There are 2 protein chains.
Amino acid sequence: MASLGELERAVMDLLWAGQEAATANTLRDQLARTSAAQGGPGHMGKELAVTTVLTVLSRLEKKGLVERERGTRPHRYQAVSSRADHTAELMHEVLGSAPDREAVLARFIGSVSEGEAETLRKLLGHV
Amino acid sequence: MASLGELERAVMDLLWAGQEAATANTLRDQLARTSAAQGGPGHMGKELAVTTVLTVLSRLEKKGLVERERGTRPHRYQAVSSRADHTAELMHEVLGSAPDREAVLARFIGSVSEGEAETLRKLLGHV
DNA sequence: GTTGGATTTCTACGAAACGTAGAAGTTTGG
DNA sequence: CCAAACTTCTACGTTTCGTAGAAATCCAAC
């Protein structure tokens, strides 16, 4: 239940990018803009129905990725955890399903850039 | 296109576990046994139709996870890459989609057991 | 306090993925 | 050549996701 659809991911990207909680309407507008940016100059951003955005937000809420403030009238939505946290969690999920964790880590480390290897060394305390 | 269904994963687990390439029939029998083991003593392993297994194998082949020898008459199937390789690749996929790779790695490392941290230090050359 | 516009919830439909397998076609040992 | 084994084709039910209209709800202004 971890993977996201295309639109779900786009919404999460917006929520992760913005610091404030956002409303469905705001998100719909931002989605139009970002899709326009991706589609090129001539490609006008497609306006989704606000109900579409709300449906997606509800699904994301059910998945535990988003929470909403129900107090305010236009409900405000925000990501439950940061993108980095979420992605790291995903990585652990992927890793966790393996009986041979060490072997996986070995392969994983083996194909990491030198710069990132350096980062990792630092993060690991590197006594 | 990276995620697998339940049966697809069960098949991959068998292919990863066995060293030899396996036939659809073999896999069907093994699937019956392993599902019986999971289901408990009273739960007799459900025999899938061979065509079911073949369908799944074809789908896995299309996904690039499995290859088959077409020469032999009962085709023989095997995993394209080891589970460790595959899982590590998945981890890179998850990580790759993030613009803030370092932050993700930080979170990831932060929630790794001390034993594994030690393993990682060794793997990283630990100069 | 009623009403209209904004907002949310409910319901729904089409496409794709997956579990499942019968029907039909192909291959091969005898 | 033929039957048994094997593979491919076709198909259906379920779940997930993009998409959104219809219905219900809420609040501000009158």
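Chain naming here is simple, since letters A, B, ... match the order of the sequence lines and numbering starts at 1 in each. Model, not experiment: these values are computed from the prediction.
- Within the 4.0 Å cut-off from OP1 or OP2 of D:dT16, not a single side-chain nitrogen or oxygen of A:K62 is found.
- For C:dG19, the OP1/OP2 oxygens have no side-chain nitrogen or oxygen of B:R9 closer than 4.0 Å.
- In this entry the distance linking CZ of B:R28 with C1' of C:dA21 reads 13 Å, nearest Å.
- Residue side chain B:R73 does not reach the base of C:dG29 through any donor-acceptor N/O pair under 3.5 Å, judged by distance alone.
- A donor-acceptor contact closer than 3.5 angstrom links the side chains of B:S111 and A:H92.
- In this structure a side-chain-to-backbone donor-acceptor pair under 3.5 Å is missing from B:T52 to B:L48.
- Judged by atom type and distance alone, B:T55 reaches the base of C:dA21 through a side-chain donor-acceptor pair under 3.5 Å.
- OP1 or OP2 of C:dT9 has at least one side-chain nitrogen or oxygen of A:R70 nearer than 4.0 Å.
- Between A:K46 atom NZ and D:dA20 atom C1' there is a gap of 10 Å when expressed in whole angstrom units.
- A donor and an acceptor atom, one from each side chain of B:T26 and B:T23, are located under 3.5 Å apart.
- B:T51 has no side-chain polar atom (N or O) that falls below the 4.0 Å cut-off from OP1 or OP2 of C:dG22.
- Between D:dT7 and B:R76, no contact under 4.0 Å exists linking OP1 or OP2 to a side-chain N or O.
- Between B:N25 and D:dA5, a side-chain N or O to OP1/OP2 separation shorter than 4.0 Å is absent.
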